[in-house]
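Contents: one structure, followed by commentary.
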Amino acid sequence: MKREVPLFITFFVGTLLIASVFIPPAESWGENFSVYFDIIAVFAFFLGGGNLLRIHLQKVASKRPDWGYSIVTLVAFLVMLAAGLFKLGNPGGISGNLTTAQSWFQILFQNIMSPLGSTMYALLAFFVASASYRAFRAKNRDATILLVAAFIILLGRTPFGTMLTSWIPPQYDLLQVPNLAIWIMSGPNLAGQRAIMIGIGLGIVSMSLRILLGIERTYLGDDR
Amino acid sequence: MTEALVVTGTNLGVVISLALIAGGVIWLLVRSLKGKEVERRVIFGFVLIAVSAPILFPITFHEQISPVVKAVFDKIESLPAGSTVAISFDFDPAMAPEVQPMANAFTRHCFAKGHKVVFLSIWATGQSLLTSTLDTVVRREFPEKRERIDWVNLGYKAGNQGVLNVIVSDLRKMYPTDVNAVPLDSIPMLAEVKAFRDLSLILAVGGGFPGPKEWVLYVGDPGNVPIAAGAAAVTAPQLYPYYPRQLIGILGGIKSAAEYESAMVDKYPQFDSVDKPGLRMMGPQTLAHMVIMMFIIIGNIVFFRSKRMRSQL
């Protein structure tokens, strides 16, 4: 029974959800399951928050390496949680919009979270430049194709691409760098992306069938 | 075609910056020809100059709109005034510099055309960024547009694609109220909108999960609603399989945002004076791309030179 009940629930719910897609009168079943999922997901927030607190409090208590960062994490978590949960500074009170300009949550988000997030992402520019210098080398035929494609895309994403090849007559406009960049995106890139997507799609269908039919049981903690 | 490169700004600063970069690259080229590799911190220094110089001495380019961006612009233009359009802010602060200019431009365009706009987010971080657009674009540039008459803010809802799966056929089941706890049934502009399948267009701005792809899978296809995407440059290639049938157009990266802003100014000259971050950021992006391309060339010179020297030994 320990194994059969979860298997039956999986089969039953999975079959209902498939039916809700293909049978129009059963459409609301899928919607209801999405709402149930949303309700259950709320408990995951508690679980996640609780876990974060437990792990970092343990790290601070035992003064493990880099425990100072855990204090930063805990303070940031608790301050943001209080600002959001009690809507501190919010002119609309507890029922108002959390992100009005005067609320503590929005002030913290705009002045700490936003600049930090943007800065981390912006650092990529430095690593991309360094990686391009080291990786984009015409070592063989495949690497040369990659190098040429990258070069055209990089040039095509700047106004210099337009300027350099604007002299090409309109009947050969495909050879203009911006048009070549568009062709790479909508030709070879498209073909590659489609192949990956179809492969993933087939994989999802086959794995879903294995789960529904009880062949794949690793999600139950059973690796047989 | 050279008019595409209308350079404005502090020319002396631009010239000094370009001379600095060009001089440095020539020095590196000479070093490379002598067989010396370029250190990582030198590359970082060049990128720093390439990115910061156009910020200190702004360079602005006039962008020509590409077909994939024009498709979105034309769709918003072709909708009759008063159509209801949704703009979803599905991104975080890391992605915001690239995609928020698109969201701002879409918002500006929709209001300029007299459309009604439903703002929402399925990313927890999206609601604060949505508020930023409301403050900087809607309330500042369109003070005559009234909340709940011309636009409504539904805010963030947890549940990822589960939210989309419901709102495509029943909006009130997932969003009984707007972000200020006002029941949707009492909002005039949503009287005719029972579900997202009743909308004229959805502009999905984001690039992660859930993002434009999920909007296509859970709303666009089942609800037969036109969807356009605004995405970060790194994720835009993954959206091309959906263009042009399931996505009517794609804005990928800051270049597309700049193209859209240029098209907006061409069509609506009154927006020439508003902040155009897409066009502003094209300067740093252009110089950074040029520097990266130069380093690729230098890297290959070093590679072929060392290969030749090895074969001679």
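Letters A, B, ... are given to chains in the order of the sequence lines, protein chains preceding strands, and every chain is numbered from 1.
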Check: Between Phe33(A) and chain B, which part of the residue has a heavy atom less than 4.5 Å away: side chain, backbone, both or neither?
Finding: neither

Notebook entry, point to check: Got a donor-acceptor contact below 3.5 angstrom from the Asn97(A) side chain to the Asn180(B) backbone?
Noted result: no

Notebook entry, point to check: So which part of Phe109(A) gets closer than 4.5 Å to some heavy atom of chain B, the side chain, the backbone, both or neither?
Noted result: side chain

Checklist line | Pairs of heavy atoms under 4.5 Å with chain A: top-ranked of Ser132(B), Pro237(B), Ser256(B) | finding: Pro237(B)

Checklist line | 4.5 Å side-chain heavy-atom contact, Val302(B) and Tyr133(A) | finding: yes

Margin query: Main chain of Phe136(A), side chain of Asn300(B): is a donor-acceptor contact present, judged purely on distance under 3.5 Å?
Written below: yes

Note to self: So for Met120(A), is it side chain, backbone, both, or neither that comes closer than 4.5 Å to the heavy atoms of chain B?
What the structure shows: neither

Notebook entry, point to check: In terms of heavy-atom pairs under 4.5 Å with chain A, which of Asp92(B), Val179(B), Leu134(B), Asp135(B) leads?
Noted result: Val179(B)

Next item on the list: Name the region of Met293(B), side chain, backbone, both or neither, that has any atom closer than 4.5 Å to a heavy atom of chain A.
Entry: both

Next item on the list: Could you look at Phe46(B) and say if it's the side chain, the backbone, both or neither that has a heavy atom under 4.5 Å from chain A?
Entry: neither

Check: Is any side-chain heavy atom of Ile182(A) less than 4.5 Å from a side-chain heavy atom of Val68(B)?
Finding: no

Checklist line | Backbone N/O of Met95(B) and side chain of Tyr121(A): donor-acceptor pair under 3.5 Å | finding: no

Next item on the list: Check whether more than 12 heavy atoms from other residues, nucleotides or ligands sit under 6.0 Å from atom CZ of Arg139(B), and answer yes or no.
Entry: yes

Next item on the list: Can you tell which part of Val51(B) gets under 4.5 Å to a heavy atom of chain A, answering side chain, backbone, both or neither?
Entry: neither

Notebook entry, point to check: Are the side chain of Gln106(A) and the backbone N or O of Ser128(B) linked by a donor-acceptor pair below 3.5 Å?
Noted result: yes

Next item on the list: Determine, for Glu27(A) against Arg197(B), whether the closest basic-nitrogen to carboxylate-oxygen distance falls under 4.0 angstrom.
Entry: yes

Next item on the list: Take atom CZ of Phe37(A) as the centre, draw a 6.0 Å sphere, and report whether it contains more than 12 heavy atoms from other residues, nucleotides or ligands.
Entry: no

Checklist line | Segment of Glu39(B) engaging chain A (4.5 angstrom heavy-atom cut-off) | finding: backbone

Margin query: Is Gln161(B) close to chain A through its backbone or its side chain, or both, or neither, when contacts mean heavy atoms under 4.5 Å?
Written below: neither

Notebook entry, point to check: Which atoms of Tyr218(B) come close to chain A, meaning under 4.5 Å heavy atom to heavy atom: side chain ones, backbone ones, both, or neither?
Noted result: neither

Next item on the list: Please report the closest heavy-atom contact between Val47(B) and Ala129(A), naming both atoms and the distance.
Entry: CG2-CB, 3.4 Å

Notebook entry, point to check: Is it true that atom CZ of Arg40(B) has more than 12 heavy atoms of other residues, nucleotides or ligands lying nearer than 6.0 Å?
Noted result: no

Next item on the list: Could you walk me through whether Tyr243(B) and Ser186(A) pass side chain to side chain contact (heavy atoms under 4.5 Å, CB included), step by step?
Entry: CA-CA 9 Å; Tyr243(B) 172 77; Ser186(A) 55; 5.9 Å; no

Notebook entry, point to check: Is there a donor-acceptor contact under 3.5 Å from the side chain of Ser118(A) to the main chain of Pro93(B)?
Noted result: yes

Check: Between Ala258(B), Ala181(B), Ala158(B), which has the largest tally of heavy atom pairs under 4.5 Å with chain A?
Finding: Ala158(B)

Check: Quick one: are Asn165(B) and Glu31(A) in side-chain contact, heavy atoms under 4.5 Å?
Finding: no

Next item on the list: For chain A, find which of Ser169(B), Pro222(B), Ala233(B) contributes the most heavy-atom pairs closer than 4.5 angstrom.
Entry: Ser169(B)

Notebook entry, point to check: For Asn160(B), is it the side chain, the backbone, both, or neither that has a heavy atom closer than 4.5 Å to a heavy atom of chain A?
Noted result: neither

Next item on the list: Using a 4.5 Å cut-off on heavy atoms from C-beta on, say whether the side chain of Arg134(A) contacts that of Val38(B).
Entry: no

Next item on the list: Taking Asp38(A) for its side chain and Val163(B) for its backbone only, find out whether a donor-acceptor pair lies under 3.5 Å.
Entry: no

Margin query: Please classify the contact between Ala138(A) and chain B as side chain, backbone, both or neither, with a heavy-atom cut-off of under 4.5 Å.
Written below: both

Item checked: Polar contact flag, side-chain donor to acceptor under 3.5 angstrom, Thr158(A)-Thr286(B) -> no

Note to self: Which atoms of Leu147(A) are under 4.5 Å from chain B, going by heavy atoms: the side chain, the backbone, both sets, or neither?
What the structure shows: side chain

Notebook entry, point to check: Between Leu155(A), Leu124(A), Val42(A), which residue shows the highest count of heavy-atom pairs closer than 4.5 Å to chain B?
Noted result: Leu155(A)

Item checked: Nearest heavy atoms of Arg137(A) and Gly299(B), plus distance in Å -> NE-O, 3.3 Å

Notebook entry, point to check: Relative to chain B, which segment of Leu154(A) carries a heavy atom at a distance below 4.5 Å: side chain, backbone, both, or neither?
Noted result: both

Item checked: Between Leu48(B), Val168(B), Ile298(B), Leu239(B), the one whose heavy-atom pairs under 4.5 Å with chain A are most numerous -> Leu48(B)

Check: Based on non-hydrogen pairs under 4.5 Å, which of Met197(A), Arg157(A), Arg194(A) is most in contact with chain B?
Finding: Arg157(A)

Check: With only heavy atoms counted, which part of Met290(B) is less than 4.5 Å from chain A, the side chain, the backbone, both or neither?
Finding: side chain

Note to self: Between Thr162(A) and Glu63(B), is there a side-chain heavy-atom distance shorter than 4.5 Å?
What the structure shows: no

Next item on the list: May I have the step-by-step check of side chain to side chain contact (heavy atoms under 4.5 Å, CB included) for Ile292(B) and Val128(A), ending in yes or no?
Entry: CA-CA 8 Å; Ile292(B) 290 171; Val128(A) 166; 4.2 Å; yes

Check: Within a radius of less than 6.0 Å around NZ of Lys70(B), do more than 12 heavy atoms belonging to other residues, nucleotides or ligands occur?
Finding: no

